[in-house]
Amino acid sequence: MIESAKWQDLLPRVLSALVLIGAGAVEIWYGGWLFKLTVCAVCGIMIWEAARMFDAPRPRADGLLAGSSLLVCTLVPPFLIFPFIIAAALVTAGRAGKDKALFFGCYAWVLIACMAVIILRDLAGFEWFLWCICVVAATDIAGYFAGRLIGGPKFWPSISPKKTWSGTTAGWAAAAVVGWGLMPYVGASALLVPASIAVSLASQMGDIAESAVKRRAGVKDSSSLIPGHGGVLDRFDGVMGGSLVALIIWLALITGAGQG
């Protein structure tokens, strides 16, 4: 009975993942405004979830403001992006019923990370964005199975009691394999292997950071929108962390190539 309980969320996780892949594949492939609008919508949903966790009185309005703010950030000059995000975060966090400072940080983080997702797909292109998504997915899948099959010491039990060192290191190993396999596809050197491990770690830290926010807010999941995963914020926390680091790595690689 205990053994079967460990896998009771596997089927809904797989089915939900297949639906998400099917829904997002077209947007990722075509990019452009279709992709940007999709990310803005996802951003709005994540802030709606966060606003509910922090007892904001108008979570739908907060989500709408977040999605609209992200859309504006895609249109304004780059030097205005951060001031605009901070202003929107201040307005929204000021209405929170508790932990206004934490909600401010969460709001700003979601918008900055979503902006990184858009920039990575827009500037780096489909190949690099696919690399990032594959690394994050491999990290999640390897961590899930290794954690349940091997178990062992917990990675950070006070924040994320289910995560183990076996699952964490398995995620790094899977990311390295993905990086090695995609080197020819993205036209990168062997540096893509350690870069993949860095993106894997960033995705795990994004997951842990979101777990810390949920623990502080006293909730198990950000919402129940995605069966087997919880909320949209639960599902995309790793993508946001991974995309931000992937963008930094891509910029560093192309800058180094340009200087060479």
Side-chain angles (χ1 to χ4, degrees), residues 1-21 109 113 117 129-183 185-186 188 190-224 226-246 248-249:
M1 181 69 70
I2 296 177
E3 194 66 26
S4 62
K6 289 199 305 184
W7 305 101
Q8 63 182 357
D9 64 337
L10 179 59
L11 181 59
R13 282 177 69 92
V14 171
L15 293 177
S16 297
L18 290 175
V19 172
L20 289 173
I21 291 171
W109 156 246
V117 169
F129 189 76
L130 181 64
W131 160 69
C132 175
I133 294 298
C134 288
V135 166
V136 173
T139 298
D140 187 52
I141 294 170
Y144 177 87
F145 283 102
R148 281 161 175 74
L149 291 172
I150 301 173
K154 302 300 182 180
F155 180 71
W156 204 330
S158 62
I159 294 178
S160 187
K162 290 185 178 181
K163 290 195 178 348
T164 62
W165 272 106
S166 60
T168 301
T169 53
W172 298 342
V177 172
V178 170
W180 178 79
L182 290 181
M183 281 191 304
Y185 184 66
V186 300
L191 287 174
L192 196 66
V193 174
S196 299
I197 297 174
V199 171
S200 173
L201 177 59
S203 73
Q204 292 168 338
M205 290 302 101
D207 188 17
I208 287 175
E210 196 248 354
S211 294
V213 170
K214 289 189 297 183
R215 184 169 289 272
R216 178 65 177 266
V219 299
K220 180 179 181 295
D221 297 317
S222 60
S223 75
S224 57
I226 307 176
H229 296 275
V232 176
L233 192 56
D234 296 319
R235 180 62 278 164
F236 288 98
D237 51 6
V239 174
M240 291 189 295
S243 294
L244 187 58
V245 171
I248 294 171
I249 289 171

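Quick note: numbers below take in every heavy atom, side chains included, and nothing from hydrogens, waters or symmetry partners.
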A.B. asks: Does the side-chain contact (heavy atoms from CB on, under 4.5 Å) test come out yes or no for Thr164 and Phe155, once each step is laid out?
C.D. replies: CA-CA 5 Å; Thr164 62; Phe155 180 71; 5.9 Å; no
A.B. asks: Does Gln204 use its side chain to pair, donor to acceptor, with the backbone of Thr168 at less than 3.5 Å?
C.D. replies: yes
A.B. asks: Does the pair Ile150 and Phe145 meet the rule for a side-chain contact (heavy atoms from CB on, under 4.5 Å), with working shown?
C.D. replies: CA-CA 8 Å; Ile150 301 173; Phe145 283 102; over 6 Å; no
A.B. asks: What is the minimum heavy-atom distance between Gly167 and Ala146, and which atoms define it?
C.D. replies: CA-CB, 3.9 Å
A.B. asks: With no hydrogens and no angle check, is any side-chain donor or acceptor of Asp234 less than 3.5 Å from a backbone partner on Ser222?
C.D. replies: yes
A.B. asks: Taking the side chain as everything from C-beta on, heavy atoms only, tell me whether Leu244 gets closer than 4.5 Å to Trp109.
C.D. replies: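 In short, these two side chains touch, coming nearer than 4.5 Å.
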A.B. asks: Is the backbone N or O of Lys163 less than 3.5 Å from a side-chain atom of Lys154, with the two atoms forming a donor-acceptor pair by type?
C.D. replies: no
A.B. asks: State, to 0.1 Å, how close Leu182 and Trp131 come at their nearest heavy-atom pair, and which atoms those are.
C.D. replies: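 Nearest pair, atom of Leu182 first, then Trp131: CD1-CA, 3.8 Å.
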A.B. asks: Of the non-hydrogen atoms in Val232 and Ser223, which two are nearest, and what is the gap between them?
C.D. replies: N-OG, 4.3 Å
A.B. asks: With a 4.5 Å limit on heavy-atom distance, are the side chains of Leu192 and Trp180 in contact?
C.D. replies: no
A.B. asks: Nearest heavy-atom pair of Ala174 and Ala142: which atoms, and what distance?
C.D. replies: CB-CB, 3.6 Å
A.B. asks: Do the non-hydrogen side-chain atoms of Phe236 and Val117 ever get within less than 4.5 Å of each other?
C.D. replies: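 The answer is no; the side chains never approach within 4.5 Å.
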A.B. asks: Can you see which heavy atom on Ala176 is nearest to which on Val193, and at what distance?
C.D. replies: CB-CG1, 3.9 Å
A.B. asks: At what distance, to the nearest 0.5 angstrom, does CE of Met205 lie from CG of Asp237?
C.D. replies: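 Met205 CE to Asp237 CG: 11.5 Å, rounded to 0.5 Å.
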A.B. asks: Going by side chain to side chain donor-acceptor pair (under 3.5 Å), name the residues that satisfy it together with Thr139, two or more places apart in sequence or in a different chain.
C.D. replies: Ser200
A.B. asks: Restricting to non-hydrogen atoms, name the atom on Lys220 and the atom on Lys214 that form the minimum distance, rounded to 0.1 Å.
C.D. replies: O-NZ, 3.1 Å
A.B. asks: Quick one: which of Cys132, Cys134, Ser196 gives a side chain to side chain contact (heavy atoms under 4.5 Å, CB included) with Val178?
C.D. replies: Cys134
A.B. asks: Does any pair with a residue in residues 134-147 pass salt bridge (charged side-chain N to carboxylate O under 4.0 Å, His left out), and if so which ones, sequence neighbours excluded?
C.D. replies: Arg13-Asp140, Asp140-Arg235
A.B. asks: Do Tyr185 and Leu130 have side-chain heavy atoms sitting under 4.5 Å apart?
C.D. replies: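 Tyr185 reaches Leu130 side chain to side chain.
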